[in-house]
There are 2 protein chains.
Amino acid sequence: MAKTVRVGIEIDAASSAELGPLIESAKQHGYDYVTTPLTNRTRQLAARLEGDAAAAVPLGLPENRAFSLDQLVLDRVDWASSVVGRHAAWADVTAKDTADYIAAEELLQRETAWATHLGLPAMILALPDLLVDVPSVARYVSQTIATASYTQLWVRASTSNEAGIQGMAAATVDEDGNWECWSLLRLLCGHAPSVALCLELTADLPDEEKLDRWLAEPIAAVVLPESVWLRNAKGYPVLSRRHQAVIHRLLSRSVEVIVRAEAPVAEAQVAHYQQYVRHLAANPPPPSHCEAFATGYQDYLQAPLQPLMDNLESSTYQVFEQDPVKYVQYEEAVYRALCDRVPDAAASETTSVIMVVGAGRGPLVTRCLEAARRANRLVRVFAIEKNPNAYVTLQKMNKEVWRERVTVVWTDMREWDTEERADILVSELLGSFGDNELSPECLDGAQKLLKEDGISIPASYTSFIAPLSSAKLHAEVAALPSPSRHETPYVVLFSAVHQMAEPQAIWTFEHPLRSSKTHALIEPRMDNKHNVRYSRNTFTLAQAAMMHGIAGYFDTVLYKDVTLSILPSTASEGMFSWFPILFPLKNPIYVPSDAIVDVHFWRRTNCKKTWYEWSVMVYEPTAPSFNVVSSRRRLIAASCIHNVNGESSWIGL
Amino acid sequence: MAKTVRVGIEIDAASSAELGPLIESAKQHGYDYVTTPLTNRTRQLAARLEGDAAAAVPLGLPENRAFSLDQLVLDRVDWASSVVGRHAAWADVTAKDTADYIAAEELLQRETAWATHLGLPAMILALPDLLVDVPSVARYVSQTIATASYTQLWVRASTSNEAGIQGMAAATVDEDGNWECWSLLRLLCGHAPSVALCLELTADLPDEEKLDRWLAEPIAAVVLPESVWLRNAKGYPVLSRRHQAVIHRLLSRSVEVIVRAEAPVAEAQVAHYQQYVRHLAANPPPPSHCEAFATGYQDYLQAPLQPLMDNLESSTYQVFEQDPVKYVQYEEAVYRALCDRVPDAAASETTSVIMVVGAGRGPLVTRCLEAARRANRLVRVFAIEKNPNAYVTLQKMNKEVWRERVTVVWTDMREWDTEERADILVSELLGSFGDNELSPECLDGAQKLLKEDGISIPASYTSFIAPLSSAKLHAEVAALPSPSRHETPYVVLFSAVHQMAEPQAIWTFEHPLRSSKTHALIEPRMDNKHNVRYSRNTFTLAQAAMMHGIAGYFDTVLYKDVTLSILPSTASEGMFSWFPILFPLKNPIYVPSDAIVDVHFWRRTNCKKTWYEWSVMVYEPTAPSFNVVSSRRRLIAASCIHNVNGESSWIGL
């Protein structure tokens with residue numbers, strides 16, 4: 001969907017007299033605003049910072065708390081909506097000398113106060129190049145956001161630390177330096193959601209994984225310096241495909257764009273940058289079927305359905321019945337199962353019994369009938385549903401669509417007392433994590449309806465997990481009122497997230513339950529302990545990341561090679577019935593580069609409810625060390641075990 | 001002070017028939033209780049665990065939830081007070097097979113339920129040898145303590161991983177293995193205060209630092225196996241001096257002692273172990289003056305005094321006036337200052353003016369008069385005090401003790417309007433952290449009372465910090481009701497703590513304020529910004545530890561080499577006026593071995609109040625890595641900045 005975008009341009013006005021015409025010019029060139037320093041480097045402001053202590057007026061004295069007009073670049077309130085301020089670059093809060101850093105802090109404070117007074121939308125502050133300088137800046141940021149006002153604080157960082165690498169700092173900076181500094185700032189500020197990033201792109205963008213990590217940060221604005229712009233055949237500024245892709249992703253999240261057009265750009269060309277950005281905004285890549293369906297759901301937390309405890313509403317059925325993939329695959333699975341079960345030769349004399357358990361409003365019933373028609377097989381179809389409201393619709397469907405060919409039964413599939421036995425048991429009780437809507441328990445209960453050699457569709461389903469970084473989702477969870485918010489899974493369509501590693505399978509459920517030796521059906525344990533699962537998964541990560549939670553997915557084998565999947569790598573194209581699931585962490589864990597993340601996952605039950613528990617450990621492959629006899633990994637961090645005993649979240653049986 | 005101690009003995013009864021006589025015998029030998037398995041390894045219980053799945057009765061079925069009599073070692077409630085249970089050693093909750101670990105968990109749960117029913121004081125569960133096995137055990141521990149009952153759960157670990165090192169596990173265990181496993185368990189259990197340690201001592205105790213780290217853990221009981229016992233000349237069991245020292249430290253914290261007397265210990269000797277332990281308990285090392293004074297204050301959190309905002313009570317003065325060291329040193333400082341200031345030759349004609357600011361009930365005034373007498377110098381003494389109640393006592397002292405030789409003034413030292421100027425300004429406004437009772441601000445205000453060449457006693461004071469591990473203190477802070485509890489400093493006499501590194505100086509205040517160039521007195525800044533401080537301190541740690549907070553200390557130069565100190569390494573012997581101060585961390589940080597801990601500390605002010613902010617970063621010295629250009633340290637963890645803007649804790653000006 002096309003988006004409007006706010007586009008600003010960086011200027012360097014040295015005085016109020018310069019600023020007016022520059023704003024005027026920017027507006028004429030189609031920019032929404034300029035970014036500019038608010039103050040100029042007058043003698044009074046800069047003397048202390050330039051070491052001329054004698055000349056410096058003590059900034060902190062009450063009589064000097066107000067700016068004088070000649071110190072200000074921005075001195076008119078009517079310009080406020082056209083300006084995003086930049087904090088004085090020479091105000092070094094990391095200075096060694098106490099008087100120096102206090103003077104710098106005072107200048108920043110006075111700039112913030114002035115920006116707040118004028119009602120500027122934001123002030124931009126530079127992220128330091130070195131880890132050791134971050135705490136002083138983080139302290140200033142924490143102090144400022146703690147007294148949060150209308151004016152936002154944007155911390156500016158570049159996608160790669162070119163200055164740091166080239167400059168004298170090279171000895172202490174790696175190519176992840178900026179990201180590490182940004183991470184430290186976020187940790188020191190307690191992951192405060194109001195710390196926003198102003199991300200400057202570089203001409204050489206980092207590799208996809210590093211870029212992905214940046215794009216999962218809370219970005220308020222993106223800066224496009226002159227160096228990222230190419231020229232097309234007609235001499236107009238354009239972006240490379242990779243830069244375009246980044247801008248498209250950010251525009252979909254309403255990020256602002258700031259252009260930096262440096263000399264020798266001709267006056268006549270200045271407008272072209274914003275025109276190009278607006279062109280991108282007006283022409284986003286076409287949305288996939290799923291994206292079109294899911295507009296507005298990105299990064300929105302939903303409680304997982306409890307279809308066993310609750311009766312779904314008609315609108316919920318309505319949404320899911322529109323899925324263009326799921327029912328096609330179910331029909332194909334039933335079709336193949338019917339063909340396999342009854343040879344062509346016996347097609348006219350053998351009737352297969354199909355039971356659709358949890359039939360809802362009947363879409364799978366329709367597909368079973370269609371599969372039988374296509375396969376030219378005789379069937380008797382039962383539709384079993386516990387929801388009394390959906391049962392009304394099933395009766396109506398039977399009368400009006402299925403021509404009374406279906407036996408509709410209103411009961412809990414686990415409790416139906418009948419002599420009928422099914423050749424094929426069809427169900428769709430799957431959640432985003434596969435087993436999280438209690439498909440295993442329901443099908444255990446329905447298994448008595450199946451003939452000894454009967455077929456369950458689905459035949460199996462597998463849950464997958466991956467470590468996830470998302471400051472956005474962490475903030476969303478933290479903003480919820482429930483004290484158990486951090487120990488509850490959420491269904492969510494991921495957008496501003498960075499998946500730190502490829503998902504791994506954690507466990508599988510197969511249906512029906514058969515003995516591994518005799519292959520005979522076995523009766524489920526009364527205490528449900530056979531549906532308990534535990535898995536430890538090891539993810540080896542090359543790059544550092546802030547881990548905020550665990551992403552959950554599933555895939556399922558409906559019948560033989562007829563499958564469904566919501567795993568990013570194998571996802572069924574166009575299917576939207578399931579978004580992924582998020583298991584959050586109470587406290588984000590910083591994972592350094594080249595670390596090992598162990599995720600321990602439990603599926604537990606106590607006859608009344610089923611729940612998940614999860615915990616994360618971070619290890620390092622150890623280098624030999626003088627006091628270590630021999631070891632392969634070394635603990636460096638661990639979360640608590642979340643949701644012990646299902647005290648915060650569970651699914652009722 | 002002599003303590004009574006509960007002493008138990010480990011036995012291995014295989015049945016109820018064996019247990020009775022063994023309890024009887026233990027009692028006769030003077031033991032308070034035995035530790036024993038609660039269940040025996042009958043076929044039903046052990047079959048599943050021994051791989052005989054066919055023979056195993058599914059433990060989880062409701063009809064099998066009760067123990068049968070022949071499965072129980074402890075089957076009588078009247079023995080409950082004489083027994084601490086040991087969980088079945090063969091119940092392996094880390095088993096690979098689901099059915100196996102579920103059977104193991106069920107056995108543990110049933111044992112816990114039985115122990116709770118009987119009202120046993122505790123059950124002992126073994127800590128696994130390998131990190132990878134800890135999560136499964138931690139899950140069981142979390143689940144059990146979440147439904148906490150009278151019966152405690154003690155996790156048993158040995159001070160060194162002898163089994164691990166000797167066994168096949170050697171490839172994955174370093175000599176810190178047990179401690180690392182214990183730390184992981186604590187992390188996974190969310191630092192729950194109810195997880196207690198049952199610590200088994202080994203014959204070769206670890207080095208002092210490692211031992212110190214163990215002793216800072218929440219220890220409920222200590223196990224003394226046969227291997228730690230020596231024999232004295234008469235053949236009686238005794239402990240080495242190091243083992244004795246450990247036992248003395250633990251007995252002072254009411255830890256229980258469990259003896260393991262293995263064959264071939266003669267029946268007649270069994271009593272000797274407990275007799276020896278009780279002998280140690282009855283003969284503790286003599287307490288220091290400070291310990292005698294501070295009994296009951298160990299690990300007790302106190303809010304720091306606010307003597308500027310609040311008026312101290314008489315009892316508070318009473319306590320501190322008993323200090324046997326502080327006043328001696330003050331007298332000596334004044335004595336030397338008087339001697340230096342007035343040559344012997346001028347002693348009879350020159351009068352020195354001494355002002356005691358913040359005189360309280362007058363102990364320093366008395367010392368000044370005594371110093372003048374000893375020095376044979378003429379003095380005029382002023383006692384300035386803002387507390388109207390203390391002022392009454394000062395007048396009484398002047399009349400009855402000082403023979404009206406003192407001018408008593410009731411005023412805030414910062415506001416006294418007088419022409420008098422002091423040769424020597426004496427004050428004791430120091431807190432546990434030096435400047436935390438606002439000595440800098442008060443003396444700034446009093447500085448106008450001093451002659452241009454006058455002397456301040458104290459001349460300077462320096463704050464010190466050290467990273468601190470203390471599960472006990474973390475639990476104490478967490479139990480406080482205030483939401484700002486983790487961002488507030490506490491005065492506390494450390495006991496169950498492990499100081500992770502030697503303290504380092506962070507900043508110094510000197511009095512009076514003089515120009516560094518001209519040495520002339522300078523007027524303090526009205527906005528108090530000259531009393532702002534910032535320090536970054538780097539601690540290099542060899543061994544891993546769980547960091548719960550920062551310990552704060554101070555020392556002070558009263559005059560030349562007359563000093564006071566509460567630093568452990570230079571502490572003024574016998575002085576008890578100041579306990580250390582604790583700055584807690586919201587979330588404990590696990591610090592792996594060979595890491596670097598950076599502590600950033602701020603002293604901030606805003607004219608109305610002064611406060612501290614603190615944060616902790618953990619780095620590693622980096623090994624070269626393929627994707628790192630060049631770097632010397634790598635971030636692995638960081639806390640937030642605590643108490644930003646003094647929102648949680650501050651000292652009023």
Side-chain angles (χ1 to χ4, degrees), chain A residues 58 60-62 98 101-102 131-132 135-136 138-139 142-143 146-147 165 170-175 180 183-184 187-190 525-527 529 532-534 536 542 587 590 592-594 600 602 613 615 617 623 625 627-641 644-645 647, chain B residues 58 60-62 98 101-102 131-132 135-136 138-139 142-143 146-147 165 170-175 180 183-184 187-190 525-527 529 532-534 536 542 587 590 592-594 600 602 613 615 617 623 625 627-641 644-645 647:
Chain A
L61 293 183
T98 306
Y101 72 72
I102 286 175
L131 279 172
V132 73
S136 294
R139 213 217 131 262
S142 281
Q143 172 186 299
T147 53
I165 290 170
T172 55
V173 175
D174 65 46
E175 67 166 327
E180 210 176 15
S183 298
L184 178 55
L187 284 164
L188 290 168
C189 294
R525 282 174 60 144
M526 282 173 55
D527 65 1
K529 289 280 170 82
V532 164
R533 293 289 186 279
Y534 164 64
R536 171 169 77 94
N587 298 307
Y590 180 76
S593 56
D594 301 310
H600 292 247
W602 291 267
E613 301 180 16
S615 67
M617 277 132 268
S625 163
N627 68 348
V628 171
V629 173
S630 166
S631 76
R632 286 194 299 246
R633 19 159 84 185
R634 193 164 73 113
L635 180 67
I636 57 174
S639 76
C640 64
I641 300 176
V644 170
N645 284 346
E647 277 179 10
Chain B
L61 294 183
T98 306
Y101 71 74
I102 285 175
L131 278 173
V132 74
S136 295
R139 214 216 130 265
S142 281
Q143 173 185 300
T147 53
I165 290 169
T172 54
V173 175
D174 65 47
E175 68 166 326
E180 210 176 14
S183 297
L184 179 55
L187 284 165
L188 290 168
C189 294
R525 280 175 62 142
M526 281 173 57
D527 65 2
K529 288 280 169 81
V532 164
R533 293 288 187 278
Y534 165 64
R536 171 169 77 94
N587 298 305
Y590 179 76
S593 57
D594 301 311
H600 292 247
W602 291 268
E613 301 181 18
S615 68
M617 278 132 266
S625 162
N627 68 349
V628 171
V629 174
S630 166
S631 77
R632 288 195 296 249
R633 20 159 84 184
R634 196 163 72 112
L635 180 67
I636 57 175
S639 77
C640 64
I641 300 175
V644 170
N645 285 347
E647 276 177 10

ask   = Under a 4.5 Å heavy-atom cut-off, does chain B meet the side chain of A:Arg536, its backbone, both or neither?
value = side chain

ask   = Considering only heavy atoms, which portion of A:Glu613 lies under 4.5 Å from any heavy atom of chain B: side chain, backbone, both, or neither?
value = side chain

How close do [X] and [Y] get, counting heavy atoms only, and between which atoms?
X	Y	value
B:Ile102	A:Lys529	CD1-O, 3.2 Å
B:Glu180	A:Leu635	OE2-N, 3.0 Å
B:Tyr590	A:Ala637	CD2-N, 4.4 Å

query = What residues, two or more places apart in sequence or in another chain, satisfy side-chain contact (heavy atoms from CB on, under 4.5 Å) together with B:Ser615?
reply = A:Leu188, B:His600, B:Trp602, B:Met617, B:Ser639, B:Ile641

key: Which residues share a side-chain contact (heavy atoms from CB on, under 4.5 Å) with B:Cys640, sequence neighbours left out   = B:Lys586, B:His642

request  = Check whether any side-chain heavy atom of B:Arg633 sits under 4.5 Å from a side-chain heavy atom of A:Leu131, and report yes or no.
outcome  = no

key: Max heavy-atom pair count under 4.5 Å with chain A, selected residue of B:Val644, B:Leu187, B:Asn587, B:Thr98   = B:Leu187

query = If you count heavy-atom pairs under 4.5 Å with chain A, which of B:Ser136, B:Ser183, B:Cys189 comes out on top?
reply = B:Ser136

